[in-house]
Amino acid sequence: MKHNGVLKLLIIAILLISGLVLTIFYAPKFINLGLDLQGGIHVVMQAVPDEGEEITTKEMESLTSIMTERINGFGLSEPLIQKEGDDRLIIELAGITDPDKALETLGKTAKLEFLDPDGNVILSGSELTDATAGMDPNTGKGIIYLTFSKEGADKFADATQRFLGQVISIELDGKNIQSAEVKSVIPNGEATIQGDNMTFDTAAETASLLRSGALPVNVEVIEQRTVGPQLGADSLAKSYVAMIYGIVAVFLFMIVYYRLPGLLTCLSLILYGMIVFWLLIGIKATITLPGIAAFLLSLGMAVDANIIIFERIKDELRREKSLSASLRAGFQRAFKAILDANVTTLIATVVLFYFGQSMIKGFAITLSIGILASMFTAIVFTRFLLNIAVRDSILSNKYLYRS
């Protein structure tokens, strides 16, 4: 019988603990925190049809697309935009520091018009193909660069030729934002918007609105909730403390009650935690309080799977089988029970994800990843560790496997 099992397990333990330390220090930098942890706003918008008309699916799809474009202009990570029913949008923006300004931006009509000296419309924002923000190198102020479609470019070239030496005005949502004298014909379909009080931030916000265009329907905010960053930070801190206490309690119970298999379970659970966290980071998931609850629930299921295995192994040992034979029989008997329990839970997560909203979907995703990781660590990795142990003369003492 080989005598290097202790050394192998020690090396594995060092590697896992090192990986855990790296995960604790570096994983938080890549995690996206949800609304309930980071703070922000939750908004429900109601589409309001014109009198005698109904909201169409096409209008809601257009509204969703425009809101997505506008929200992308905020530079947020993982915003939530989803339809509710036939005429509502749920919008959750984590990390927003000025909720009123965000709501104002979302609700703007973004109607752009170029007017001739008599106030007649020369061309509108519907003939705009792009709008980008920049800084004027001469004045250091914000500037918006506009690019028109071919039809819009032809109209703009004709207008600058007809009104050469006269003033053309630019209005956004009925408010004059610039009036400039036409000093030359502009044939290439490009123009700029400048203003004495325009900063880069205001230029970027306006450019985002112009790119997204006008709202297809009127909207009104029927629900608004603000989560302060202090509440989110407090919730996150308490969740971390609860998680640490819970994990330490589980580790102590497994070691005291199941001895060597319990100790190996702790190593398996460390791998489980790293797999779950890095998979969540890999798919750019947003961590919420329900997500943390799902992680702890799947951790409990991982422990439960190991307990089922160890109880089956103890049953075989009571029948005076060898340690190796008890290990094989215990895993075979436990596998079906573990598979059935996890498959039924996975089915429940699919239902939650399909019918759930917002944080419920996050709970379902985290729980699904946790279940799959727990099955792998319990059935494959724990068995791998136990096989190393039973082949070592020191660790093959049956006393270490009975409680």
Side-chain angles (χ1 to χ4, degrees), residues 32 34-36 38 40-96 98-113 124-131 149 152 171-175 204-227 283-286 288 290 349-365:
N32 297 315
L35 180 69
D36 53 347
Q38 189 178 171
I41 59 172
H42 169 95
V43 178
V44 179
M45 287 188 162
Q46 174 80 53
V48 182
D50 294 330
E51 188 175 352
E53 297 184 2
E54 293 183 355
I55 300 297
T56 64
T57 302
K58 185 176 180 180
E59 286 175 330
M60 287 303 297
E61 290 175 352
S62 177
L63 179 63
T64 303
S65 177
I66 289 172
M67 288 299 179
T68 301
E69 173 67 27
R70 293 186 179 184
I71 288 169
N72 288 340
F74 296 153
L76 302 174
S77 61
E78 298 296 318
L80 171 75
I81 310 142
Q82 64 184 28
K83 288 191 292 184
E84 182 182 52
D86 297 327
D87 57 359
R88 290 184 180 180
L89 274 186
I90 294 177
I91 300 175
E92 290 185 353
L93 307 177
I96 284 288
D98 191 343
D100 293 333
K101 184 179 178 181
L103 282 174
E104 182 185 356
T105 301
L106 292 176
K108 281 184 177 178
T109 57
K111 184 180 181 182
L112 178 72
E113 292 180 327
S124 65
S126 61
E127 293 160 311
L128 194 68
T129 58
D130 195 17
S149 63
E171 289 189 355
L172 180 64
D173 292 338
K175 296 180 180 179
E205 180 184 334
T206 303
S208 175
L209 288 170
L210 294 176
R211 285 195 304 271
S212 62
L215 300 180
V217 292
N218 295 321
V219 295
E220 63 179 26
V221 177
I222 62 173
E223 181 186 348
Q224 175 189 348
R225 287 189 283 109
T226 302
V227 178
I283 64 174
K284 297 181 179 180
T286 299
T288 62
T349 62
V350 171
V351 175
L352 286 174
F353 182 83
Y354 186 80
F355 292 103
Q357 305 261 350
S358 183
M359 294 182 182
I360 300 300
K361 289 182 180 288
F363 175 86
I365 291 172

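Excluded from the calculations below are hydrogen atoms, water molecules and symmetry mates; all remaining heavy atoms, backbone and side chain alike, are included. Just so you know, residue 1 is the first one in the sequence shown, and it goes up from there.
Side-chain contact between Asp86 and Thr57 is absent, with no heavy atoms from C-beta onward closer than 4.5 Å. No side-chain heavy atom of Val44 sits under 4.5 Å from any side-chain heavy atom of Val221. Contact annotation: the side chain of Val43 never approaches that of Glu92 to less than 4.5 Å [non-hydrogen atoms, C-beta and beyond].
Here the rule is side-chain contact (heavy atoms from CB on, under 4.5 Å) with Ile90, and of Met45, Lys83, Gln82 only Gln82 fits it.
The structure places CD1 of Ile365 at 11.0 Å from CG of Leu352, a figure rounded to the nearest 0.5 Å. Distance check, rounded to the nearest 0.5 Å: CD1 of Ile81 to CG of Leu89 gives 8.5 Å.
Scored by the salt bridge (Lys or Arg N to Asp or Glu O under 4.0 Å) test, Glu223 finds Arg225 as partners (sequence neighbours excluded). Every residue was checked against the side chain to side chain contact (heavy atoms under 4.5 Å, CB included) condition with Glu54, not counting sequence neighbours, and none meets it. With sequence neighbours excluded, the residues forming a side chain to side chain contact (heavy atoms under 4.5 Å, CB included) with Ile55 are Ala47, Pro49, Glu59, Met60, Asp87, Val217, listed by chain and number.
Contact record, Phe363 with Pro290: CD1-O, 3.1 Å, taken as the closest heavy-atom pair.
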message: Determine whether Ile91 and His42 satisfy the following criterion, side-chain contact (heavy atoms from CB on, under 4.5 Å), listing intermediate values before the conclusion.
response: CA-CA 6 Å; Ile91 300 175; His42 169 95; over 6 Å; no
